[in-house]
Amino acid sequence: MKQQQTVLITGAGRGIGFAMAQTFAKEGYDLILNYRKAQGKSGANLKRFMESDLAQGVNVTLAQADMSETKEIENMVKTLKKEGIERIDHLVLNAAQAPFKNITEMTRSDWKLLLSSNLIGNVACVTEVASMMTAGGTICAISSLGSRVVLPKYPLGIMKSALENLVGYLDVELYERNIRVNGICAGVVNTDMAPFLKELWPEMFERYENSSRRWLVEPEEVANIASFLISDRSSALRGTTLLADLGMTLTP
Ligand SMILES: NC(=O)c1ccc[n+]([C@@H]2O[C@H](COP(=O)([O-])OP(=O)(O)OC[C@H]3O[C@@H](n4cnc5c(N)ncnc54)[C@H](OP(=O)(O)O)[C@@H]3O)[C@@H](O)[C@H]2O)c1
């Protein structure tokens, strides 16, 4: 029988992260669900999830840490080890936060937040967690279209380009340990972010809302692709990022 496997998802309290928690639980993975704060929607979702039937069939551990703070990430992993978790099989880098501003309006502290949350924090998390992985482990990074097209007031796109590049570098670095690293570049996803993005990019939303093509990706659809990437079924994929935008970028 195959060994029971554990997935750590960052920013697992809402949106795509929460959809992945539900999907992976259904598939029988043990879960480590990272969240930033106990209050608010993420706290409430995770509390409900812990009490749900879905969470009863697998081991679920909640792990608090602000992913922009390397010290908190190190402490999170120390706490997990103290709780008896010695091995993590899969890591999903999902958490993201950013200022939504033009590049020329970004302050030093905006850049600090952008870099610490989306690049330095993710690398710190990989460094801590990869040391707990064994052969067959995977890392999956969640990226967005800002990595490949210029979106107004979306400096996060620069970090997503870096993240997709990091996927390749990490895969090469971790190859000898047989840890695979891949990413998903999702189009516009139907999470709390969608109404916010509609306000940010009204013309783009209007154009797609008036087209016949379905263009809003559901969080569960991203979770299904992540499920594939962390499984052996995707064994031929290494250091690549899959585009999941419902064909939105096929035409200008
Ligand atoms: N929605 C989209 O259209 C879209 C498209 C492509 C890619 N993505 C990417 O998919 C991922 C998830 O997006 P989403 O739409 O599900 O976002 P969301 O609904 O805004 O949720 C973001 C999650 O990340 C957590 N988070 C943010 N900063 C954190 C930090 N410093 N430490 C720990 N957790 C933190 C949030 O926790 P709190 O609840 O505490 O805030 C929340 O759980 C992100 O990487 C995003 O860039 C999203």
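Note that the coordinates shown come from a computational prediction; the quantities given were computed from them, not determined experimentally. Just follow the structure's listing: the first ligand is 1, and inside any ligand the first atom is 1.
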Output for pair (Thr241 OG1, Asn182 CG), nearest 0.5 Å, gives 7.0 Å
For the residue pair Phe100 and Tyr154, does the interplanar ring angle fall in the parallel (under 30°), tilted (30 to 60°) or perpendicular (over 60°) class?
tilted
Salt-bridge present (Glu221, Arg214; N to O < 4.0 Å)
yes
Which parts of the protein, at residue level, reach under 4.0 Å of ligand 1 through a heavy atom?
Gly11, Gly13, Arg14, Gly15, Ile16, Asn34, Arg36, Lys37, Ser42, Ala65, Asp66, Met67, Ser68, Asn94, Ala95, Ala96, Gln97, Ile142, Ser143, Ser144, Leu156, Lys160, Ala186, Gly187, Val188, Val189, Thr191, Met193, Leu197
Any side-chain heavy atom of Phe205 sitting closer than 4.5 Å to one from Trp215?
yes
Does a sphere of radius 6.0 Å around CD in Glu173 hold more than 12 heavy atoms from other residues, nucleotides or ligands, not counting ones at 6.0 Å or beyond?
no
side-chain contact (heavy atoms from CB on, under 4.5 Å) between Leu8 and Leu80, intermediate numbers included:
CA-CA 11 Å; Leu8 191 163; Leu80 290 172; 4.2 Å; yes
